[in-house]
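Okay, structure first, notes after.
Keep in mind that the numbers below use all heavy atoms, side chains included, and drop hydrogens, waters and symmetry copies. No experiment lies behind these values; they were computed from the predicted model shown.
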Protein chains: 2
Amino acid sequence: MGIIRKTESVEILLNEFHDTETALSTIELIKRLGKRINKTTIYRVLSKLEEDGILHSFLGFDGVKWFARCKACTRSQHSDVHPHFQCISCGKTECLEVKVNIPKLTNREVLISQFIIKGKCNLCVA
Amino acid sequence: MGIIRKTESVEILLNEFHDTETALSTIELIKRLGKRINKTTIYRVLSKLEEDGILHSFLGFDGVKWFARCKACTRSQHSDVHPHFQCISCGKTECLEVKVNIPKLTNREVLISQFIIKGKCNLCVA
DNA sequence: CAGTTATTAAAACTCAGTTGCAAATATAAG
DNA sequence: CTTATATTTGCAACTGAGTTTTAATAACTG
Ligand SMILES: [Mn+2]
Ligand SMILES: [Mn+2]
Ligand SMILES: [Zn+2]
Ligand SMILES: [Zn+2]
């Protein structure tokens with residue numbers, strides 16, 4: 001059950017993602033918006049936006065949840081299966097628009113996969 | 001600074017991994033050993049064994065930490081860069097002995113990567 | 001065995017995320 | 001515009017994995 005009503009919280013959160021291509025962690029969003037929106041609401045709106053295919057999420061190396069805008073997903077079809085890149089220097093975390101090769105596994109059914117890469121981003125490589 | 005002394009805790013924990021090829025979560029290990037070893041000690045010994053290249057770790061989809069035996073790692077060289085498979089039915093989590101293709105990224109330095117796949121294991125596919 | 005140093009248990013703590021519930025507000029009906 | 005109703009929100013309390021602190025204990029060294 002995704003978003004039904006266009007509330008202020010929904011608009012504020014959508015706006016954060018409107019400005020940027022990079023992913024945002026729940027922590028960062030609470031830091032930015034915690035005075036305007038209760039953290040419970042932030043978590044709830046984010047997961048509703050994910051259900052609606054507007055955002056997708058993944059876990060960073062530290063186990064914190066990150067969200068990023070979807071390109072072409074709907075409520076029924078989530079097609080954002082790309083790797084994510086996390087920079088150890090500046091923290092920037094982004095979607096990598098490349099195809100993931102999921103290895104052929106005999107006798108196993110693959111449902112979801114998550115590929116996360118840690119390193120130095122284009123701005124932080126010396 | 002890895003393991004220096006052969007203590008009972010170290011032996012008990014190593015023994016858990018000796019029996020099995022599959023990964024074990026910290027949660028499962030605390031459930032199994034929590035009456036014999038304090039959970040703090042479990043966490044500490046596990047991370048020391050990881051430093052020594054005896055175990056390697058990764059985060060499951062729920063953000064819980066899993067550990068598995070290394071094949072050919074040392075303190076200085078961790079070479080366990082394979083995907084991990086987590087079964088949604090039985091919970092079994094295992095190392096996949098296949099090569100991961102890390103996508104070529106321009107202007108970025110790759111340090112670590114984690115690839116985790118969720119699905120149904122060989123025993124649970126109907 | 002005795003001295004030194006690493007390791008352990010226990011309890012308190014941290015912190016991301018969740019739950020329950022009453023108050024607030026968006027939306028639709030009249 | 002006003003009212004009814006169902007969704008959404010804020011707050012406070014909670015959960016649970018993992019960490020920190022400190023004093024006691026056990027492993028190594030000679
Ligand atoms: Mn993405
Ligand atoms: Mn493995
Ligand atoms: Zn960077
Ligand atoms: Zn299974």
Side-chain angles (χ1 to χ4, degrees), chain A residues 1-17 23-52 54-68 75 84 86 91 93 114 116 118, chain B residues 1-17 23-52 54-68 75 84 86 91 93 114 116 118:
Chain A
M1 206 192 72
I3 296 286
I4 304 181
R5 297 185 180 178
K6 258 263 153 65
T7 65
E8 205 188 340
S9 311
V10 173
E11 261 181 66
I12 292 171
L13 271 163
L14 277 178
N15 210 47
E16 292 294 320
F17 287 95
L24 296 168
S25 69
T26 52
I27 307 302
E28 173 64 22
L29 287 166
I30 290 167
K31 212 178 287 167
R32 285 190 202 174
L33 308 172
K35 264 137 201 167
R36 295 211 277 162
I37 315 176
N38 184 275
K39 70 166 180 173
T40 313
T41 304
I42 294 177
Y43 282 114
R44 273 187 294 222
V45 170
L46 287 173
S47 78
K48 286 192 171 188
L49 290 172
E50 185 171 23
E51 285 178 55
D52 284 348
I54 295 164
L55 301 179
H56 62 278
S57 74
F58 55 94
L59 292 182
F61 275 94
D62 47 359
V64 169
K65 206 167 186 180
W66 291 75
F67 286 87
R75 200 164 323 161
H84 292 98
Q86 199 161 26
T93 300
Q114 235 177 87
I116 179 156
K118 202 176 189 173
Chain B
M1 206 192 73
I3 297 285
I4 303 182
R5 296 182 180 179
K6 257 264 151 69
T7 65
E8 205 187 340
S9 311
V10 173
E11 262 181 67
I12 292 172
L13 271 163
L14 278 178
N15 210 48
E16 292 293 322
F17 288 95
L24 295 167
S25 69
T26 52
I27 307 303
E28 173 63 22
L29 287 166
I30 290 167
K31 211 179 286 169
R32 285 192 202 173
L33 307 172
K35 263 137 202 167
R36 296 211 277 161
I37 315 175
N38 184 275
K39 73 166 179 172
T40 316
T41 305
I42 294 177
Y43 282 113
R44 270 185 299 226
V45 170
L46 288 172
S47 78
K48 285 190 170 191
L49 290 172
E50 185 171 22
E51 285 178 56
D52 285 347
I54 294 164
L55 301 178
H56 63 278
S57 75
F58 54 94
L59 291 183
F61 276 94
D62 47 0
V64 169
K65 207 167 186 181
W66 291 75
F67 286 86
R75 200 164 322 161
H84 292 98
Q86 200 161 23
T93 300
Q114 236 176 178
I116 180 155
K118 202 176 190 173

Problem set entry | From C/dT27, D/dT9, C/dA16, nucleotide with atom closest to A/R5 side chain |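 Closest nucleotide among those given: C/dT27.
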
For this session: Consider the side chain of B/V64, meaning its heavy atoms from C-beta on, and name the nucleotide among C/dG17, D/dT9, D/dA17 that approaches it most closely.
Result: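 Among the listed nucleotides, the one closest to the side chain of B/V64 is D/dA17.
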
Whole-Å gap separating [atom2] ([N]) and [atom1] ([X]):
X     : N      : atom1 : atom2 : answer
A/K35 : D/dT9  : NZ    : P     : 20 Å
B/L33 : C/dT8  : CG    : P     : 13 Å
B/Y43 : D/dT21 : OH    : P     : 18 Å
A/L59 : C/dC15 : CG    : P     : 19 Å
A/E11 : D/dT9  : CD    : P     : 11 Å
A/I30 : C/dT18 : CD1   : C1'   : 12 Å
A/E8  : D/dT8  : CD    : P     : 15 Å
A/I4  : C/dT27 : CD1   : P     : 11 Å

Exercise. Is there a donor-acceptor pair closer than 3.5 Å between any side-chain N or O of A/E16 and the backbone N or O of A/L29?
Worked result: no

Exercise. Looking at B/T26, does any N or O in its side chain come under 4.0 Å of the phosphate oxygens OP1/OP2 on D/dG18?
Worked result: yes

Exercise. Taking only N and O in the side chain of A/K48, is any of them less than 4.0 Å away from OP1 or OP2 of D/dT7?
Worked result: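 No, no such contact exists.
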
Problem set entry | First of A/G2 and B/G63 reached from the 5' end of DNA chain D, by closest nucleotide | A/G2

Side-chain contact test, heavy atoms from C-beta onward, threshold under 4.5 Å: evaluate it for [X] versus [Y] and give yes or no.
X     : Y     : result
A/L49 : A/I3  : yes
B/T26 : B/V64 : yes
B/E28 : B/R32 : yes
A/F61 : A/Q86 : yes

Exercise. Using the ring of each side chain (for Trp, its six-membered ring), is B/F67 parallel, tilted or perpendicular to B/F17, with breaks at 30° and 60°?
Worked result: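 Perpendicular.
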
For nucleotides 10-13 of chain D, list the nitrogen or oxygen atoms of the protein found under 3.5 Å from its nitrogen or oxygen atoms, one pair per line.
unit_1, atom_1, unit_2, atom_2, d
D/dG10, OP2, A/N38, N, 3.1
D/dG10, OP2, A/T41, OG1, 2.6
D/dG10, N7, A/R44, NH2, 3.1
D/dG10, O6, A/R44, NH1, 3.4
D/dG10, O6, A/R44, NH2, 3.2

For this session: Could you point out which residue of B/N15, B/I4, B/V45, B/T41 forms a side chain to side chain contact (heavy atoms under 4.5 Å, CB included) with B/V10?
Result: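 The passing option is B/V45.
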
Exercise. When all nucleic acid strands are considered with a 4.0 Å heavy-atom cut-off, which category describes A/I27: base, sugar-phosphate, or nothing?
Worked result: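 Since only primed, P, OP1 and OP2 atoms lie under 4.0 Å of A/I27, the category is sugar-phosphate.
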
